[in-house]
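Just so you know, these numbers use all the heavy atoms, side chains as well, and skip hydrogens, waters and symmetry mates. Computed from a prediction, not measured in an experiment: that's the story for all the values here.
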Amino acid sequence: MSGVYVVSSLLRICKRRHPQWIFGGRNGFTLFRTCRQYHPRQLQNRRNNHHASKPLSASGTVGLDSNNIQNSDFIKHAADEKVNEPELNFSDTKKSFKTKTTLEISRALAVLKMCSYSYFVDNSLKLMKISQMILGKKLSYYLLKSTFYGQFVAGHDIPSILKRVERLKLAGIAPIISIPLEDGFGGPNVSDEDRDIICADNIKVMERCVDQTLQVCDNTKPILMQVRVSPLVWPEVLIKIGELIVKNGYTYGDGGPISIQNFAKGLNQVNKKIERIPELTDTEFEHLNNTLHRLDRLAQYAVDNNTTLQIDAEYINLNMGITLLCLALMYKYNQTKPLIWNTYQTYLKAAHSNICRDIAMAEKLGFTFGVKLVRGAYNDTERLRSKEMGYEDPINQDYEATNIMYNKSLTMMLNLIKTHDRKYSMIVATHNEESLTLAVNKMTELGIDKTDGTVCFGQLLGMCDQVSYALGQSGYLAYKSLPVGTVDQVMPYLSRRASENRAVLAGAKRERELLWRELKRRTMKI
């Protein structure tokens with residue numbers, strides 16, 4: 001549906017919901033109300049949760065430092081900490097949507113409503129193919145660009161991305177450019193040599209992402225970039241590494257073959273290899289060394305250009321391998337300040353133990369530490385896998401348990417940031433207003449400078465603008481994750497993210513209510 005059709009459809013809905021309104025003018029865009037006084041119904045303050053899914057991860061705490069962190073007073077009471085009245089107003093629609101046109105607000109209403117239907121989310125790629133068969137590729141792409149692509153994607157080239165970035169800057173929001181690489185390696189018949197070449201090509205794409213980031217960002221805020229590891233390394237290698245970490249009791253700070261120190265030896269450009277890992281085949285070991293060389297090239301290029309890399313977490317069977325790669329990068333590049341950050345998913349029962357264990361590793365080996373704190377996005381998949389494979393469900397029992405876990409880890413990190421000058425950094429990556437309020441109030445209580453780069457906030461483009469805009473316009477370091485690429489490049493990504501974030505999209509009732517409120521406010525002025 002085109003942009004005009006979206007608005008027309010929404011106005012027809014308004015007619016049904018509010019028959020006391022009078023619609024007139026060209027295309028029915030002029031809207032009056034017969035009553036002089038309008039009393040809006042009270043909107044319920046429901047959480048707009050960053051619920052995503054819930055992955056899995058093994059626990060295992062190493063060393064006295066980790067126990068001290070877990071047992072400290074501020075951790076014991078974090079879950080019971082009272083959330084004070086917010087410094088920010090997440091319900092000010094005039095402020096939150098001030099850079100959006102009325103057409104964009106109407107589009108957001110339509111798109112978020114469509115995304116609340118499971119059938120649509122589950123069959124999005126199939127429906128797109130049907131649309132191309134009926135309408136043709138050109139018209140289908142036009143409709144996508146007018147709706148879902150326009151809502152969730154920043155653009156396909158520098159001019160279009162810059163246009164979106166400049167509008168975000170007006171609200172004090174900075175971009176995190178994200179190239180939507182997927183982890184396909186061409187199918188079962190592709191040779192190992194070709195699979196390795198695909199990984200090498202994907203690393204080059206990430207290096208170009210650094211270039212794009214530098215072209216659209218300025219130096220007024222720290223420059224951040226997302227990295228998804230699974231397209232850069234064979235999944236079976238990550239899985240084997242993770243299994244070895246668990247088998248060895250999480251002792252990956254001891255200098256053995258499966259250790260931070262050994263993997264850091266491979267982070268070089270002179271083809272120096274790491275100590276042999278017997279459990280890997282010769283081909284897998286060669287690929288791992290190639291991966292370390294490539295990751296080092298990417299990290300060096302980013303650090304040379306003052307760009308922080310945030311390594312994303314993924315499925316639990318990949319996460320331990322990803323974490324070891326990330327900690328090796330930290331070991332080399334986080335000697336003075338956190339330039340490499342790892343992601344922790346708090347819908348995992350072991351999330352807090354995982355963070356504490358890795359902080360203990362950083363303390364032991366003497367490097368700084370950056371955290372991207374999320375709730376998680378693979379709930380259904382992880383629960384299904386645990387049931388099929390017969391191991392304990394790794395996900396917290398309910399959403400409230402995830403909230404407690406998130407707020408507990410958030411509070412711990414803020415205390416560490418306060419007590420260790422610039423040794424720790426964090427992005428509070430959530431759409432949950434309760435957690436954001438806790439973070440803001442705790443920063444104020446601890447006296448953490450909201451502009452010094454140690455704490456920032458992140459949300460997805462096209463979602464929770466009332467949160468991002470309130471933070472950005474109040475001077476906090478607010479970011480939007482901006483997927484970039486053509487329709488063909490981003491649609492598989494959008495389909496995957498919609499599926500992963502179905503609970504967020506289905507539960508975005510508060511956001512839709514705020515959008516309706518702003519649409520009414522604007523039309524009342526006509």
Does the side chain of L471 come within less than 4.5 Å of V440's, by heavy atoms? yes
Look only at the side chain of N268 and the backbone of N271, and say whether a donor-acceptor pair between them is shorter than 3.5 Å. yes
Going by distance alone, is a donor N or O of one side chain under 3.5 Å from an acceptor N or O of the other, for T486 and D488? no
d(Q459 CD, K480 NZ) to nearest 0.5 Å is 5.5 Å
Using 0.5 Å steps for rounding, measure from the CD atom of E314 to the CG atom of D312. 7.0 Å
Is there side-chain contact between Y424 and V371, with heavy atoms separated by less than 4.5 Å? no
So L318 and S230, side chain to side chain contact (heavy atoms under 4.5 Å, CB included) or not? Walk me through it. CA-CA 8 Å; L318 305 178; S230 60; 4.3 Å; yes
Could you walk me through whether F263 and L288 pass the side chain to side chain contact (heavy atoms under 4.5 Å, CB included) test, one step at a time? CA-CA 9 Å; F263 277 46; L288 176 59; 4.0 Å; yes
Run the salt-bridge test on E243 and K240 with the 4.0 Å N-O cut-off and return the result as yes or no. no
Do the side chains of Y333 and D296 get nearer than 4.5 Å, heavy atoms only? yes
Any heavy-atom pair between the side chains of Y331 and L267 that's under 4.5 Å? no
If you compare all heavy atoms of S178 against all heavy atoms of S481, which two are closest, and at what distance to 0.1 Å? CB-OG, 4.1 Å
side-chain hydrogen bond (donor to acceptor under 3.5 Å, both in side chains) between D358 and Y252: does it pass, once the steps are laid out? CA-CA 10 Å; D358 292 345; Y252 47 82; 2.4 Å; yes
For the residue pair P235 and R195, what are the closest heavy atoms and their distance? CD-NH2, 4.1 Å
Any heavy-atom pair between the side chains of L168 and L482 that's under 4.5 Å? yes
With the side chain counted from C-beta on, respond yes when N289 and K272 share a heavy-atom pair under 4.5 Å apart, and no when they do not. no
Are the charged groups of R208 and D211 less than 4.0 angstrom apart, N to O? no
To the nearest 0.5 angstrom, please state how far the CG atom of D196 sits from the CD atom of E284. 12.0 Å
Run the salt-bridge test on D393 and R383 with the 4.0 Å N-O cut-off and return the result as yes or no. yes
Between N202 (side chain) and P231 (backbone), is there a donor-acceptor pair under 3.5 Å? yes
How about CD on E193, more than 12 heavy atoms from neighbouring residues, nucleotides or ligands closer than 6.0 Å, or not? no
Under 3.5 Å, is there a donor-acceptor pair between the side chain of N262 and the main chain of E275? yes
Identified side-chain hydrogen bond (donor to acceptor under 3.5 Å, both in side chains) counterpart of R375 within the set T430, T346, T402: T430
Salt-bridge contact K204-E207 (side-chain N to carboxylate O under 4.0 Å): no
Charged N-O contact under 4.0 Å between D282 and R276: yes
Which atom pair, heavy atoms only, marks the closest approach of C326 to W341? SG-O, 3.7 Å
Give me the atom names and distance for the closest heavy-atom approach of L238 to V229. CD1-CG1, 4.5 Å
Decide yes or no on side chain to side chain contact (heavy atoms under 4.5 Å, CB included) for I258 and E279, but give the supporting numbers first. CA-CA 10 Å; I258 302 294; E279 292 81 0; 5.7 Å; no
N334 side chain to I340 main-chain N or O, any donor-acceptor pair under 3.5 Å? yes
Atom CG in D398, atom CG in N396: separation rounded to 0.5 Å? 7.5 Å
How close do C209 and I179 get, heavy atom to heavy atom, and via which atoms? CB-CD1, 3.3 Å
Checking side-chain polar atoms at under 3.5 Å, does S191 have a donor or acceptor matched by the opposite partner on D194? yes
Quick check against the 3.5 Å criterion: does R228 have a side-chain atom that pairs as donor or acceptor with the backbone of L181? yes
Taking K418 for the side chain and L446 for the main chain, is one N or O donor matched with an acceptor at less than 3.5 Å? yes
Criterion side chain to side chain contact (heavy atoms under 4.5 Å, CB included) on I176 and I427, from CA distance to verdict: CA-CA 12 Å; I176 302 178; I427 181 167; 4.0 Å; yes
Can you find a pair of side-chain heavy atoms, one from L416 and one from M426, that are under 4.5 Å apart? no
R164 versus V153, closest heavy-atom pair with distance: NH2-O, 3.6 Å
Taking the six-membered ring of Y315, is NZ or CZ of R385 closer than 6.0 Å to its centre and within 45° of its axis? yes
Between K423 and E363, is the closest basic N to carboxylate O distance under 4.0 Å? yes
Main-chain N/O of I311 paired with T343 side-chain donor or acceptor, under 3.5 Å: yes
Sub-3.5 Å donor-acceptor pair from the side chain of N415 to the main-chain atoms of T411, do we have one? yes
Side chain of E433, backbone of F90: donor and acceptor closer than 3.5 Å? no
Do F152 and C115 have side chains that get closer than 4.5 Å, going by heavy atoms? yes
From Y479 atom OH to I173 atom CD1, the distance as rounded to the nearest 0.5 Å: 11.5 Å
Check the side chains of H352 and S409 for a donor-acceptor pair under 3.5 angstrom, ignoring hydrogens and angles. yes
Just how far is it from atom NZ of K265 to atom NZ of K273, taken to the nearest 0.5 Å? 15.0 Å
So F369 and Y344, would you call those rings parallel, tilted or perpendicular, with 30° and 60° as cut-offs? tilted
Does the Q261 side chain pair with the main chain of G253, one donor and one acceptor, at a distance under 3.5 Å? yes
